[in-house]
Amino acid sequence: MTAPHPTAAVVDRLREATTRSTAARLVHGAGRATVVAYRDDPDRSLHVLAHGLTAADVPVVALPADSLDPSRSCREVRLRIDRHGADPRTRVSVASLHALAHLRIMDEGETRAMSSLGLLPPEVDWPATSGAQVALLCLDRLLLHDQAGVTPMAFAEVVDPPCFPARAQEWLCRDAVEELGAGRIGQILDEVVCGSREGLVGPGHPTPPSMSPVVGQRVLADVDSTGCTWLEVGTASTRTVFVPFDASVRCLEDLQAALGSLAQPAV
């Protein structure tokens with residue numbers, strides 16, 4: 001007997017929640033960012049040492065020293081932030097955030113002042129005090145590419161709500177989820193696939209060569225406030241399986257409670 005597919009309303013609700021959560025975490029400092037000054041040097045991608053939001057919710061990036069000529073402080077740039085899977089055995093992108101922005105390089109005095117006042121996010125403050133080039137970004141519209149497809153959203157939509165986990169908590173979250181054990185995780189994903197547990201099963205995509213060491217396994221891709229995403233890695237095709245939490249998770253204690261609920265068989 002084939003289990004019923006989730007209704008369109010359920011799919012939209014689950015996708016909207018996890019998409020917004022992913023975008024918020026990327027804006028707040030998760031993932032690896034790059035910027036391209038597309039009008040000046042469109043073929044050169046600048047690696048961002050760290051990124052995040054200032055105390056006034058302004059996007060800020062730290063670049064290697066002398067990445068950009070400070071004599072021209074303002075530029076139009078293309079920002080990209082990539083989110084890779086949680087499992088250290090793989091190097092696969094699970095989401096990416098894109099935006100066009102105006103970049104303004106701060107001079108050393110402004111950077112020192114913001115640092116001394118505690119206005120820079122910690123991830124940016126450390127390279128800033130070590131001589132990195134720090135720049136503020138002004139942006140409005142975002143495009144998130146994830147398992148749901150391509151979702152446009154406004155920057156203001158993902159700034160205010162608190163996001164979980166913070167960058168420093170990601171490994172703790174991964175370890176907590178893995179403590180469920182491979183056997184129980186497999187049961188959970190089977191429940192979602194057969195329809196006895198709420199969740200989303202993504203379409204299959206060709207398995208990249210980089211995933212060959214984990215073919216035949218279920219690999220944790222992400223943990224956030226809304227649930228967990230795994231990759232089911234097959235020889236020819238890989239698909240995502242998203243398992244939502246019963247309630248939004250805002251701290252590590254909430255996560256432990258949510259995982260305790262997942263540990264129970266679906267009714």
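With a 4.5 Å cut-off on side-chain heavy atoms, V233 and T207 count as touching. E178 places a side-chain heavy atom less than 4.5 Å from the side chain of I185. L259 has its side chain within reach of V177: a pair of non-hydrogen atoms, C-beta onward, lies under 4.5 Å apart. A 4.5 Å side-chain heavy-atom check between T229 and V94 finds every atom pair outside the cut-off. Looking only at side-chain heavy atoms (C-beta outward), M153 and T19 come within less than 4.5 Å of each other. Side-chain contact between D222 and R83 is present, with heavy atoms from C-beta onward closer than 4.5 Å. In this structure, the side chains of V201 and R239 come closer than 4.5 Å at one or more pairs of heavy atoms.
Put simply, the side chain of D107 gets close to the backbone of E110: a donor and an acceptor are under 3.5 Å apart. Side-chain atoms of E157 come within 3.5 Å of backbone atoms of A154 as a donor-acceptor pair (strictly under, hydrogens ignored). With R72 contributing its side chain and D69 its backbone, the two residues share no donor-acceptor pair below 3.5 Å. Put simply, the side chain of D41 never gets that close to the backbone of A37: no donor and acceptor are under 3.5 Å apart. Panel note: side chain Q133, backbone S67; a donor-acceptor pair is recorded below 3.5 Å. No donor-acceptor pair closer than 3.5 Å links the side chain of R80 to the backbone N or O of T34. Between the side chain of S116 and the backbone N or O of R112 there is at least one donor-acceptor pair closer than 3.5 Å. Looking at H51, its side chain does come within 3.5 Å of a backbone N or O of L26 through a donor-acceptor pair. Within the 3.5 Å criterion, the main-chain N or O of P206 finds no donor-acceptor partner in the side chain of S237. Judged by distance alone, the side chain of R174 and the main-chain N or O of Q169 form no donor-acceptor pair under 3.5 Å.
Here H102 pairs with nothing under the ring-ring contact (aromatic ring centres under 6.0 Å, His included) rule; sequence neighbours left out.
At a threshold of 4.5 Å between side-chain heavy atoms, the hydrophobic network of Ile, Leu, Val, Met, Phe, Trp and Tyr places V193 and I188 in one connected group. M114 and L137 end up in different hydrophobic clusters when Ile, Leu, Val, Met, Phe, Trp and Tyr side chains are linked at under 4.5 Å.
Rounding to the nearest 0.5 angstrom, the gap separating the OG1 atom in T22 from the CG atom in D224 is 5.5 Å. With rounding to the nearest 0.5 Å, the separation of CG in L172 from CG in L255 is 9.5 Å. Put simply, CD on E191 and CG on L189 are 9.0 Å apart, with the number rounded to the nearest 0.5 Å.
A 6.0 Å sphere centred on CG of D246 holds no more than 12 heavy atoms belonging to other residues, nucleotides or ligands. No more than 12 heavy atoms of other residues, nucleotides or ligands sit less than 6.0 Å from atom CZ of R32.
A ring-ring contact (aromatic ring centres under 6.0 Å, His included) check over residues 222-251, counting only residues at least two apart or in different chains, returns nothing. For the ring-ring contact (aromatic ring centres under 6.0 Å, His included) condition, the pairs that include at least one residue of residues 119-153, sequence neighbours left out, are H98-H145.
A donor-acceptor pair shorter than 3.5 Å cannot be found between the side chains of S21 and T226.
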